[in-house]
Amino acid sequence: VQLQASGGGLVQPGGSLRLSCAASGFTFESYGIGWFRQAPGKGRDVVSCISGNGENTYYPDSMKGRFTISRDNAKSTVYLEMNSLKPEDTAVYYCAAHRTLFSFTTPSRNRNDYDYWGQGTLVTVSS
């Protein structure tokens, strides 16, 4: 099982980035996928998550309207489009996969539900 996150980098406040998470080694469409982030000295928090069928998503209030999660099951890849980035968005971003009886239709926002984790990609928002 492998999850490979990419697309991080340095961006100015107000800018945009698109993260990708390429998966292999498991039945991708059966798994909900989440993006989490961890800033220095802080815990790992959910950024967004998407169900296996791609029809249901979740965003915390602070990300609504700025971030968009999507997935392409044919390519076993999940994307996170991030717009209007702020310095407080600076963190290492991780993608993760979880499978439950409901993960095809209902993504989990709880990091403890996730079985597989990628290595993370650093996003730095700074002028």
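Here the CE atom belonging to Met82 is positioned 4.0 Å from the CG atom belonging to Leu19, to the nearest 0.5 angstrom. Once rounded to the nearest 0.5 Å, the distance linking OG of Ser20 with CZ of Arg71 reads 13.5 Å. We find the CD-OG distance between Glu81 and Ser48 to be 12.0 Å, quoted to the nearest 0.5 Å. The line from CG of Leu3 to OH of Tyr114 is 11.0 Å long, rounded to the nearest 0.5 Å. For the atom pair CZ (Phe102) and CG (Asn56), the distance works out to 13.5 Å, reported to the nearest 0.5 Å. One finds the CG atom of Leu85 at 12.0 Å from the OG atom of Ser126 (value rounded to the nearest 0.5 Å).
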Exercise answer: donor-acceptor pairs, residues 39-47 side-chain atoms, under 3.5 Å, sequence neighbours excluded:
unit_1, atom_1, unit_2, atom_2, d
Arg44, NE, Gln38, OE1, 3.2
Arg44, NH2, Gln38, OE1, 3.3

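Under the 3.5 Å distance criterion, with hydrogens and angles disregarded, no donor-acceptor pair is assigned to the side chains of Asn110 and Ser108.
The minimum heavy-atom distance between Thr90 and Val125, with the atom names listed, is OG1-N, 2.9 Å. Closest approach of Phe28 to Asp72, counting heavy atoms only: CE2-O, 4.2 Å. The shortest heavy-atom contact between Ser16 and Ser84 is OG-N, 4.4 Å.
For the pair Arg66 and Tyr59, the NZ or CZ position fails the cation-pi test of under 6.0 Å to the six-membered ring centre and within 45 degrees of the ring normal. Geometrically, Arg37 does not engage Tyr94 in a cation-pi contact, judged by NZ or CZ lying under 6.0 Å from the ring centre and within 45° of the ring axis.
Under 4.0 Å is where a charged nitrogen must lie from a carboxylate oxygen, and between Lys86 and Asp89 no such pair does.
For the pair Ser103/Ser51, no side-chain contact is recorded, criterion being any heavy-atom separation below 4.5 Å from C-beta on. With a 4.5 Å cut-off on side-chain heavy atoms, Asp115 and Tyr31 count as touching. Put simply, the side chain of Ile69 does not reach to within 4.5 Å of the side chain of Tyr58, judged on heavy atoms.
Without hydrogens or angle criteria, Thr77 side chain to Lys75 main chain gives a donor-acceptor distance under 3.5 Å. Between the side chain of Thr121 and the backbone N or O of Gly8 there is at least one donor-acceptor pair closer than 3.5 Å.
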* **Trace of the side chain to side chain contact (heavy atoms under 4.5 Å, CB included) decision for Phe36 with Tyr93** => CA-CA 6 Å; Phe36 295 79; Tyr93 284 69; over 6 Å; no
* Under the side chain to side chain contact (heavy atoms under 4.5 Å, CB included) criterion, do Trp35 and Phe67 qualify, and how do the steps go? -> CA-CA 11 Å; Trp35 284 98; Phe67 291 7; over 6 Å; no
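With Leu17 as reference, Val123 is the one residue of Val123, Asn83, Thr124 to meet the side chain to side chain contact (heavy atoms under 4.5 Å, CB included) rule.
Under the 4.5 Å side-chain heavy-atom criterion for ILVMFWY residues, no single connected hydrophobic cluster contains both Phe104 and Ile50. In terms of hydrophobic clustering, with Ile, Leu, Val, Met, Phe, Trp and Tyr side chains grouped at heavy-atom distances under 4.5 Å, Leu122 and Leu80 are assigned to different clusters. Note: the hydrophobic cluster containing Val78 also contains Phe26 (ILVMFWY, side chain heavy atoms under 4.5 Å, direct or indirect links).
Residues forming a disulfide bond (SG atoms under 2.5 Å apart) with Cys49 (at least two apart in sequence, or on another chain): none.
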